[in-house]
Amino acid sequence: MEFVAILLGLLLSYALIRATFSLFGVGKQKNLPPGPTPLPIIGNLHLLGQQPHQSLAKLAIIHGPIMLLKLGRITTLVISSAAAAKEVLQKQDLAFSTRYVPDGLHAHNHSQNSVVWIPIGPQWRTLRRILTSNIFSGSCLDANQHLRAQKVQELVAYCRKASEANESVDIGRAAFRTSLNLLSNTIFSKDLTDPYEDSGREFKEVVGNIMMEVGKPNLVDYFPVLKMIDPQGIRRRLMRHVGKVIEIFEELIKERLLMKRSHEADVLDLCLKISEDNPEEFNREVIRSMFLDLFVAGTDTTSSTLEWAMTEVLRNPHTMEKAKLELEQCIGKGKLVEENDLSRLPYLSSIMKETLRIHPPIPFLVPRKVDNELKINGYTIPKGTQVLVNAWAIGRDQSIWEDALEFKPERFMTSDIDVRGQDFELIPFGAGRRICPGLPLATHMIPMMLGSLLNNFDWVLDNGKSGELDMTERFGITIQKAYPLCATPIPLLK
Ligand code: HEM
């Protein structure tokens with residue numbers, strides 16, 4: 001009773017102070033963007049619901065594409081139109097380029113060494129250069145295309161095995177293992193999970209745990225005063241999981257240092273070489289953080305896109321038919337899709353773009369922050385504001401896209417709109433300085449996996465009814481299907 005009375009007393013005093021301030025116009029002098037009225041203490045948190053990307057898209061219809069909210073103590077700007085996204089990610093890119101770092105990611109100093117989270121500056125530039133020039137450049141990707149071919153072949157072999165046992169395949173899980181092993185082979189020249197078994201291998205489990213914890217809404221991110229208490233235990237658990245990954249990376253690094261190099265140079269060799277030349281800036285902690293970033297940023301994003309793409313193709317028999325016909329005519333039924341085939345498969349590429357339009361894996365991009373007060377379209381954005389760009393809402397904007405909610409890859413057959421950060425109506429990889437550096441890898445790997453699965457199998461759903469696929473989303477670090485897609489593969493060629 002006493003607690004409720006104190007709380008009511010606090011709310012009443014707060015309401016009185018606010019009413020007095022607004023009566024005298026205090027706080028009104030700045031032209032802040034419109035937004036829903038915040039409640040005391042929680043602000044607009046109650047409006048987020050289970051699917052914040054959907055709730056904020058609905059609110060933007062009422063308040064506009066440049067909307068200001070208060071999430072707990074955190075002032076948050078939500079951008080929901082292509083024009084406003086262009087303003088933030090291109091015209092004023094530098095001013096919007098700092099990240100808003102979730103509390104859990106401070107575990108083991110990760111956020112201080114990570115290319116994803118550190119602000120733009122000399123250290124970020126060095127790390128970014130390593131990624132774009134030494135790992136994801138065209139020539140580097142060409143040099144290790146055999147790895148991608150091998151991993152796609154293993155994925156198809158796994159599905160063949162399932163079909164022999166008349167078992168269904170959990171497409172998202174199978175694609176996750178494929179993406180994880182592709183990265184582990186690119187970095188360490190070895191598989192870190194079993195390509196043919198779904199049972200846990202420690203590394204896969206621990207990466208999954210990190211993503212689960214980071215994806216949970218954390219009270220500390222809305223009420224920084226709770227930092228010391230960590231009421232949900234998210235930071236404590238992340239300390240444990242990140243610590244485990246660090247141990248695994250350290251083992252692999254030590255193993256390598258003892259080895260006389262007998263394999264082709266991989267990313268670990270490259271990083272150890274850069275570190276020899278530049279031990280201060282590119283030390284062991286930074287190397288480990290970079291590897292963790294690659295696994296966290298590059299696995300779930302790729303596998304969930306494949307799962308959504310397969311789901312949409314299975315729901316739309318006409319799309320399935322067209323995709324299979326293109327594959328048969330261009331590369332021949334039963335073949336794996338190789339890198340060189342991609343430019344001859346425009347419909348397959350359109351399916352990928354349409355999937356990324358309607359199901360962008362990271363609906364708010366990675367949150368940005370403004371370090372200094374600035375203006376956008378005449379509105380004042382206060383210093384320290386968190387910035388969410390709702391790529392999910394932009395991809396479904398009815399004023400841009402005809403039949404916005406329908407899956408129609410054909411729209412990209414006659415359009416130049418691409419996902420590379422130049423067309424702000426389609427920004428699943430973000431745009432500007434901080435655009436996703438893994439884009440070239442993902443846009444090779446997704447159509448190779450999808451095309452190979454379609455060109456080698458027919459797919460039968462457990463209930464046999466393709467039109468009835470459940471499309472419910474589950475919000476987290478990436479948007480997943482709430483109910484995983486499971487289907488049984490029937491080989492096209494015996
Ligand atoms: C950043 C999306 C795959 C590594 C980002 C951002 C987005 C994104 C939206 C933030 C961009 C911004 O703030 O403007 C995606 C999608 C993927 C994907 C949709 C697949 C479908 C990958 C892969 C890797 C990767 C395969 C590497 C293995 C990164 C890194 C950053 C990043 C390191 C941080 C860049 C920085 O802050 O400077 N990604 N990503 N991503 N992504 Fe990806």
Side-chain angles (χ1 to χ4, degrees), residues 53 79 85-86 88-90 93-94 96-101 105 110-111 113-121 123-132 135-136 140-141 144 147-148 151 172 175-176 178-187 207 267 289-309 352-353 355-369 386-392 394-395 419-422 424 426-450 477-479:
H53 56 301
I79 297 296
K86 185 170 185 175
V88 166
L89 300 175
Q90 188 184 64
D93 180 27
L94 188 57
F96 281 98
S97 63
T98 305
R99 296 282 189 208
Y100 208 96
V101 186
L105 289 171
H110 177 64
S111 59
N113 296 308
S114 149
V115 66
V116 182
W117 301 105
I118 55 176
I120 302 280
Q123 194 193 358
W124 177 82
R125 277 188 209 96
T126 304
L127 296 176
R128 221 19 233 212
R129 208 173 316 116
I130 293 173
L131 292 178
T132 48
I135 302 180
F136 299 123
C140 297
L141 286 180
N144 59 24
L147 286 180
R148 291 185 290 285
K151 293 299 139 198
F176 183 81
T178 306
S179 313
L180 190 140
N181 275 341
L182 172 66
L183 286 173
S184 70
N185 277 278
T186 311
I187 301 173
V207 169
V267 171
S289 275
M290 177 185 274
F291 293 168
L292 179 56
D293 282 338
L294 294 179
F295 281 106
V296 170
T299 45
D300 237 10
T301 44
T302 309
S303 59
S304 77
T305 307
L306 183 79
E307 187 179 17
W308 283 113
M352 176 184 68
K353 287 186 201 168
T355 305
L356 288 165
R357 173 184 78 80
I358 209 157
H359 305 288
I362 315 184
F364 293 131
L365 310 184
V366 182
R368 311 275 188 110
K369 183 176 136 191
Q386 166 177 233
V387 183
L388 306 177
V389 177
N390 196 342
W392 184 90
I394 296 171
V419 292
R420 290 166 200 283
Q422 298 303 316
F424 288 83
L426 188 64
I427 45 168
F429 293 96
R433 284 174 175 75
R434 296 210 87 136
I435 189 172
C436 173
L439 184 154
L441 176 63
T443 50
H444 279 82
M445 201 54 191
I446 293 164
M448 280 173 73
M449 288 196 282
L450 177 65
I477 188 169
T478 55
I479 299 270

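Residues: numbered from 1 along the sequence shown. As the structure lists them, so they are numbered: ligands from 1, and atoms in each ligand from 1. Side chains are part of it too, since the values below use all heavy atoms of this structure and drop only hydrogens, waters and symmetry mates.
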Exercise for review: Kindly say whether Val387 contributes a backbone atom to a donor-acceptor pair with the side chain of Arg368 at under 3.5 angstrom?
Suggested key: no
Exercise for review: Could you find the nearest protein heavy atom to atom 11 (C) of ligand 1 and give me its residue, atom name and distance?
Suggested key: Arg434 O, 3.2 Å
Check your understanding: With under 30° as parallel and over 60° as perpendicular, where do the rings of His359 and Trp308 fit, or are they tilted in between?
Key -> parallel
Practice item. Would you check the N or O atoms of Thr302, main chain and side chain alike, for any that come under 3.5 Å of an N or O of ligand 1? Key: no
Review point. Trp124 near ligand 1, heavy-atom distance under 4.0 Å?
Key: yes
Practice item. Would you check whether Arg99 has a nitrogen or oxygen atom less than 3.5 angstrom from a nitrogen or oxygen atom of ligand 1? Key: yes
Point to revise | Test of proximity, Arg368 against ligand 1: N or O pairs below 3.5 Å | key: yes
Practice item. With sequence neighbours excluded, tell me which residues meet ring-ring contact (aromatic ring centres under 6.0 Å, His included) with Phe291. Key: Phe188, Phe249
Check your understanding: At a 4.0 Å threshold, what atoms of ligand 1 neighbour a non-hydrogen atom of Ala431?
Key -> 14 (O)
**Study point:** Atoms in ligand 1 flagged as close to Pro361, the criterion being non-hydrogen separation under 4.0 Å
**Key:** 19 (C)
Check your understanding: Leu127: heavy atom below 4.0 Å from ligand 1, yes or no?
Key -> no
Review point. Considering only heavy atoms of Ile446, which atoms of ligand 1 have at least one such atom less than 4.0 Å away?
Key: 21 (C)
Check your understanding: atom 35 (C) of ligand 1: which protein heavy atom is closest, and how many Å away?
Key -> Arg128 NH1, 3.3 Å
Point to revise | Atoms in ligand 1 with a heavy atom of Pro428 nearer than 4.0 Å | key: 2 (C), 9 (C), 19 (C)
Check your understanding: Is the closest heavy atom of Val116 to ligand 1 under 4.0 Å?
Key -> yes
**Study point:** Side-chain touch Met290/Val267, heavy atoms, less than 4.5 angstrom
**Key:** no
Point to revise | Atoms in ligand 1 with a heavy atom of Val115 nearer than 4.0 Å | key: 33 (C), 36 (C), 37 (O), 38 (O)
Review point. Heavy atom of Trp117 under 4.0 Å from ligand 1?
Key: no
Study note, to complete from the structure: Note: Val389, heavy atoms under 4.0 Å from ligand 1, region reported as neither
Point to revise | Cut-off under 2.8 Å, centre atom 43 (Fe) of ligand 1, protein N/O/S atoms | key: Cys436 SG
Check your understanding: How does Leu183 reach ligand 1, if at all, at less than 4.0 Å between non-hydrogen atoms: by side chain, backbone, both, or neither?
Key -> side chain
Point to revise | Val389/Phe364 under side-chain contact (heavy atoms from CB on, under 4.5 Å): CA gap, chis, key distance, verdict | key: CA-CA 5 Å; Val389 177; Phe364 293 131; over 6 Å; no
Check your understanding: What residue and atom, counting heavy atoms only, is the protein's closest point to atom 10 (C) of ligand 1, and at what distance?
Key -> Val366 CG2, 3.4 Å
Point to revise | Pairwise distance OG(Ser179) to CD1(Ile446) - rounded to 0.5 angstrom | key: 8.0 Å
Check your understanding: Leu294 heavy atoms, cut-off 4.0 Å: which ligand 1 atoms fall inside?
Key -> 27 (C), 28 (C)
Review point. Should Asp293 and His110 count as side-chain neighbours, where that means a heavy-atom distance under 4.5 Å?
Key: yes
Check your understanding: Hey, does Thr305 come in under 3.5 Å of ligand 1, counting only N/O atoms on both sides?
Key -> no
Check your understanding: Can you tell me the protein heavy atom closest to atom 27 (C) of ligand 1 and the distance?
Key -> Phe136 CZ, 3.5 Å
Check your understanding: Short list, please: which atoms of ligand 1 are under 4.0 Å from a heavy atom of Leu365?
Key -> 9 (C)
Practice item. Mark yes when over 12 heavy atoms from residues, nucleotides or ligands other than Lys86 sit less than 6.0 Å from its NZ; otherwise mark no. Key: no
